[in-house]
A.B. asks: 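Before I ask anything, here is the structure I am working with.
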Amino acid sequence: ATVTMFNAAEDGGQPLIVADNLQELAPEEAATFRNIGIAATICVPLIKEGRLTALMAVHDRTPRVWTEEELSLMHEVTERSWAHIERVNAVADLKASETALRKLNLDLERQVRERTLARGRTWQITPDLMGALNPAGRLEAFNPAWSALLGWSEAELADLSIWDMLHPDDVERTQRSFALTQAGQPVLHFQNRFRSKNGRYQWISWVGVPEDGLVYCTGRDVTAERARDAELAARTAERDQLWELSPDLLAVVDYAGRLLRVNPSW
């Protein structure tokens, strides 16, 4: 009967109608139906998009002739039953989607809260300068480190642009780097000097990343590092000058007594 149904479906979804299975089916198939109390059967296939989607079957214990009204009713019941199943599935899918969406939203809210709290703590306590610059070079947002390092109040910082605080010798090359961020390129490890309120200049090493019309920047005070580097360079130059000009014999000797390096006095 299943084979007959699929063949019927391929022929346009025609129903399988059996008025008396003893007369219309093979003996072994008829016996199977009779053993479960079925003498007559009508089976309506539901075809969707050219494929067999579902079957609706009605059985009778005694042989009978199925009328056109009964067949029409079966078609209608099949369509309505399938529509109801689809509605139930759609509602179930919608509820599952809503549950998953609520779970996702709760998870996202938790992550946002955690990141906001972490960012807030970092923003408040880091010694690094953090801020957001608009295209004019003014600070749309800045953390407390600006005041702590440079001495300007929040009101003063809000009224100043970075061009007001830069060392005059650093303005032109800073403008070139800032132009790169306006073209969508990040700037890494760029160093320039910012004027403190007391008139002293601090060397700052910057990272700037453009996003949504602003440049988000982080600056680290490297004044002490540069001072150490300058002192080391001065000492190295002094040592080199002493090496070259000293009338004494100066040398570098290995443990075997070999001269590895000697000064001109030799």
Side-chain angles (χ1 to χ4, degrees), residues 119 121-133 135-139 141-154 156-157 160-211 214-266:
R119 185 179 63 183
R121 288 193 293 268
T122 301
W123 181 270
Q124 293 295 326
I125 68 175
T126 180
D128 294 339
L129 306 182
M130 302 176 70
L133 292 171
R138 290 189 174 275
L139 288 162
F142 50 87
N143 69 333
W146 286 79
S147 295
L149 179 64
L150 301 177
W152 303 102
S153 68
E154 290 188 8
E156 290 169 330
L157 287 166
L160 293 171
S161 73
I162 61 171
W163 316 116
D164 298 324
M165 294 181 281
L166 277 173
H167 191 288
D169 294 343
D170 296 342
V171 171
E172 184 177 349
R173 61 189 187 86
T174 301
Q175 288 174 337
R176 291 196 297 268
S177 293
F178 191 71
L180 293 177
T181 64
Q182 299 306 291
Q185 299 182 39
V187 172
L188 307 176
H189 310 302
F190 177 79
Q191 295 187 7
N192 56 14
R193 286 164 288 184
F194 269 64
R195 177 170 53 89
S196 301
K197 188 173 182 178
N198 61 14
R200 296 178 57 186
Y201 283 92
Q202 303 292 123
W203 278 99
I204 312 294
S205 178
W206 293 101
V207 172
V209 179
E211 185 177 347
L214 297 175
V215 177
Y216 293 89
C217 55
T218 301
R220 182 170 60 89
D221 182 11
V222 293
T223 306
E225 294 178 21
R226 290 184 66 97
R228 287 194 298 268
D229 292 343
E231 183 180 357
L232 178 60
R235 290 181 180 179
T236 300
E238 181 181 357
R239 185 193 63 189
D240 292 344
Q241 186 177 27
L242 176 64
W243 180 274
E244 294 294 330
L245 300 179
S246 175
D248 299 331
L249 303 182
L250 302 176
V252 178
V253 184
D254 67 13
Y255 288 105
R258 290 187 294 269
L259 292 168
L260 301 179
R261 186 183 175 199
V262 298
N263 72 335
S265 293
W266 285 77

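As the structure is a prediction and not an experimental result, all values here were calculated from the model.
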A.B. asks: Set out, in order, the CA-CA distance, both residues' side-chain angles and the distance that settles side-chain hydrogen bond (donor to acceptor under 3.5 Å, both in side chains) for Arg226 and Gln191, then state yes or no.
C.D. replies: CA-CA 10 Å; Arg226 290 184 66 97; Gln191 295 187 7; 2.7 Å; yes
A.B. asks: Please find the pair of heavy atoms, one from Asp254 and one from Arg258, that lie closest to each other, and give the distance.
C.D. replies: OD1-N, 2.7 Å
A.B. asks: Quick one: does any side-chain atom of Ser265 pair with a main-chain N or O of Asp248 as donor and acceptor, under 3.5 Å?
C.D. replies: yes
A.B. asks: Please confirm whether the backbone N or O of Trp152 pairs with a side-chain atom of Trp146, one donor and one acceptor, at under 3.5 Å?
C.D. replies: no
A.B. asks: What is the minimum heavy-atom distance between Arg200 and Asn198, and which atoms define it?
C.D. replies: N-OD1, 3.0 Å
A.B. asks: Are the side chain of Arg138 and the backbone of Leu157 linked by a donor-acceptor contact shorter than 3.5 Å?
C.D. replies: no
A.B. asks: If you count heavy atoms of other groups shown closer than 6.0 angstrom to CD of Gln182, is the number above 12?
C.D. replies: yes
A.B. asks: Taking Arg193 first and then Asp170, would you say they form a salt bridge - that is, a charged N and a carboxylate O separated by under 4.0 Å?
C.D. replies: yes
A.B. asks: Short question: side chain of Thr223, backbone of Trp203 - any donor-acceptor pair under 3.5 Å?
C.D. replies: yes
A.B. asks: Before you tell me yes or no, could you show the steps for Thr174 and Asn192 under side-chain hydrogen bond (donor to acceptor under 3.5 Å, both in side chains), namely the whole-Å CA-CA distance, both residues' side-chain angles and the distance that decides it to 0.1 Å?
C.D. replies: CA-CA 7 Å; Thr174 301; Asn192 56 14; 3.2 Å; yes
A.B. asks: On a heavy-atom basis, which atom in Arg195 and which in Leu150 lie closest, and how many Å separate them?
C.D. replies: O-CD2, 4.4 Å
A.B. asks: I'd like a table of donor-acceptor pairs (distance under 3.5 Å, sequence neighbours excluded) in which one partner is a side-chain atom from residues 235-242, with atom names and distances.
C.D. replies:
from	atom 1	to	atom 2	distance (Å)
Arg235	NE	Glu231	OE2	3.4
Arg235	NH2	Glu231	OE2	2.6
Thr236	OG1	Leu232	O	2.8

A.B. asks: Using every non-hydrogen atom in the two residues, find where Ser147 and Ser153 come nearest and quote the distance to one decimal.
C.D. replies: OG-C, 3.9 Å
A.B. asks: Would you find more than 12 non-hydrogen atoms of other residues, nucleotides or ligands less than 6.0 Å from Arg173 atom CZ?
C.D. replies: yes
A.B. asks: In terms of the angle between their ring planes, are Phe194 and Trp206 parallel, tilted or perpendicular, with boundaries placed at 30° and 60°?
C.D. replies: tilted
A.B. asks: Taking Ser196 for its side chain and Gly199 for its backbone only, find out whether a donor-acceptor pair lies under 3.5 Å.
C.D. replies: no
A.B. asks: Quick check, are the ring centers of Trp163 and Phe178 under 6.0 angstrom apart?
C.D. replies: yes
A.B. asks: Counting only N and O atoms by type, is there a donor-acceptor contact under 3.5 Å from the side chain of Asp128 to the main-chain atoms of Arg220?
C.D. replies: no
